[in-house]
Structures are given as C-alpha cells and as structure tokens.
Amino acid sequence: MTGRELIQMAVVLIGSFCFGTLFNFRGRKLLACALGSVLSWGLYLLLGHWIVSQPLVYFMVSVIISIYAEAVARILKTPATPVVTTSLIPLIPGGSLYYTMAYAFENDFDRFLEKAVTTLQIASALALGIILIAALSQLVFRRKGCSRKGK
C-alpha cells in the first residue's frame, strides 16, 4: 500500500467515526462501523487494481461489507442497516452525482448522460449488494430459527 492510500484510509476512519455518531453509536458499535468503513475503502482500492469494471468493484465491496455488517449486527445485537450504511459511506458516489448535475446545468447533455449512467450503475451496484445479502441473511436465519427478534 502506498502512503497516499494509507492517508485515505486514515481519513476514512476519522470520517466514519464522525458519521457513526449520527446514529448515536458509541464504544464497540462505533469502532465496528469505523473499521467497516476502512475495510470497504481498502477493498475498493484493492479490487480496483484487478477489476476494470467500476460497478462490479462496487457490487463486490457492498456484498462483502454487507456480510460484515450482518455479522457485526448479530454479535453486537444492533440493527444491520446503520452498520452497513456507515461502513459504505466512503463509497457513496457523491462526486459522480455532482458532475452529473453540473453537466446538466451546463447543457452538456453528452457528458451528462455518460456521467448519469455511471452514477446510476454505481448506486445500483451498492444497493444490489446490500439487498442480496440482506435477503440471504433473512432466509438463512429464519430457516435456522435464530433471527435477532427471537422469533
């Protein structure tokens, strides 16, 4: 890992600690979410070296982080949604969305459409990864009879 990537990981850690406080996470929950963010960014950087398709990288990272979030949620007895949300914050395509809107306001429709498609692919990949693991988790834990609600 390069020095630049280590700095990125440190910034992600600090940012996720701050974001985790929005969910009123404290102690082990906050630490688990912050580590999930660092893991998600590290996976993004690592997989980005080997996989050319950005939406595929985002999908794979969201699947892995969703599995992580489900495990942490069960261990710490907390809902998985805030954990996965906090852990995936570094991957939200904010810059891509900004440029999509900027090109729309500049009436540069060719670049707008190109950036809009990319933004939608990234957002869809993140959502699909989360949904896939959440659905599988529900199937597995309902079948085993050990959901978090005690049903």
Legend entry - L88 side chain reached by I130 side chain, heavy atoms, under 4.5 Å: yes

Legend entry - Path from V12 to L22 over hydrophobic side-chain contacts below 4.5 Å: yes

Legend entry - Y103: partners by side chain to side chain donor-acceptor pair (under 3.5 Å), with sequence neighbours left out: R111

Legend entry - Shared hydrophobic cluster for Y98 and F109 (ILVMFWY, side-chain gaps under 4.5 Å): yes

Legend entry - Contact summary for L91 and I122, nearest pair of heavy atoms: O-CG2, 4.4 Å

Inset, instruction - Could you list the residues that satisfy ring pair (Phe, Tyr, Trp, His ring centres under 6.0 Å) with Y58, not counting sequence neighbours? - result: Y44

Legend entry - Donor-acceptor contact present, side-chain T118 to main-chain E114, <3.5 Å: yes

Legend entry - Set of residues satisfying side-chain contact (heavy atoms from CB on, under 4.5 Å) with respect to F17, sequence neighbours excluded: L13, L30, L31, A34

Inset, instruction - Answer yes if L35 and I75 sit in the same cluster of Ile, Leu, Val, Met, Phe, Trp and Tyr residues linked by side chain heavy atoms under 4.5 Å apart, and no otherwise. - result: yes

Legend entry - T119: partners by side chain to side chain donor-acceptor pair (under 3.5 Å), with sequence neighbours left out: S96, T100

Inset, instruction - Write down the atom of A125, the atom of P55, and the distance for their closest heavy-atom approach. - result: CB-O, 3.2 Å

Legend entry - Student check: side-chain heavy atoms of L126 and P93 closer than 4.5 Å: yes

Legend entry - Heavy-atom pair of closest approach, residues E70 and S137: OE1-OG, 3.0 Å

Legend entry - Shortest non-hydrogen separation from V83 to C33 and the atoms involved: CA-SG, 3.8 Å

Legend entry - Any donor-acceptor pair under 3.5 Å from T2 side chain to E5 backbone: yes

Inset, instruction - Please tell me if the side chains of L45 and W41 come closer than 4.5 Å, counting only heavy atoms from C-beta onward. - result: yes

Inset, instruction - Could you tell me whether a side-chain N or O of Q138 sits under 3.5 Å from a main-chain N or O of A135, the two making a donor and an acceptor? - result: no

Inset, instruction - Look at the side-chain heavy atoms of Ile, Leu, Val, Met, Phe, Trp and Tyr, link any pair under 4.5 Å apart, and say whether M60 and I92 land in one connected group. - result: yes

Legend entry - Closest non-hydrogen atom pair between S66 and G129, with its separation: OG-O, 3.9 Å

Legend entry - Minimum heavy-atom distance V61-S40, with the two atoms named: CG1-O, 3.6 Å

Inset, instruction - Name all pairs fulfilling the salt bridge (Lys or Arg N to Asp or Glu O under 4.0 Å) condition that reach into residues 24-39, sequence neighbours left out, sorted by first residue then second. - result: none

Inset, instruction - For residues L132 and F59, determine if any side-chain heavy atom of one lies less than 4.5 Å from a side-chain heavy atom of the other. - result: yes

Inset, instruction - Please test Y68 against V84 for side chain to side chain contact (heavy atoms under 4.5 Å, CB included), starting from the C-alpha separation and ending with a verdict. - result: CA-CA 8 Å; Y68 169 82; V84 76; over 6 Å; no

Inset, instruction - Taking side chain to side chain donor-acceptor pair (under 3.5 Å) as the test, write out the residues that go with Y99, two or more places apart. - result: none

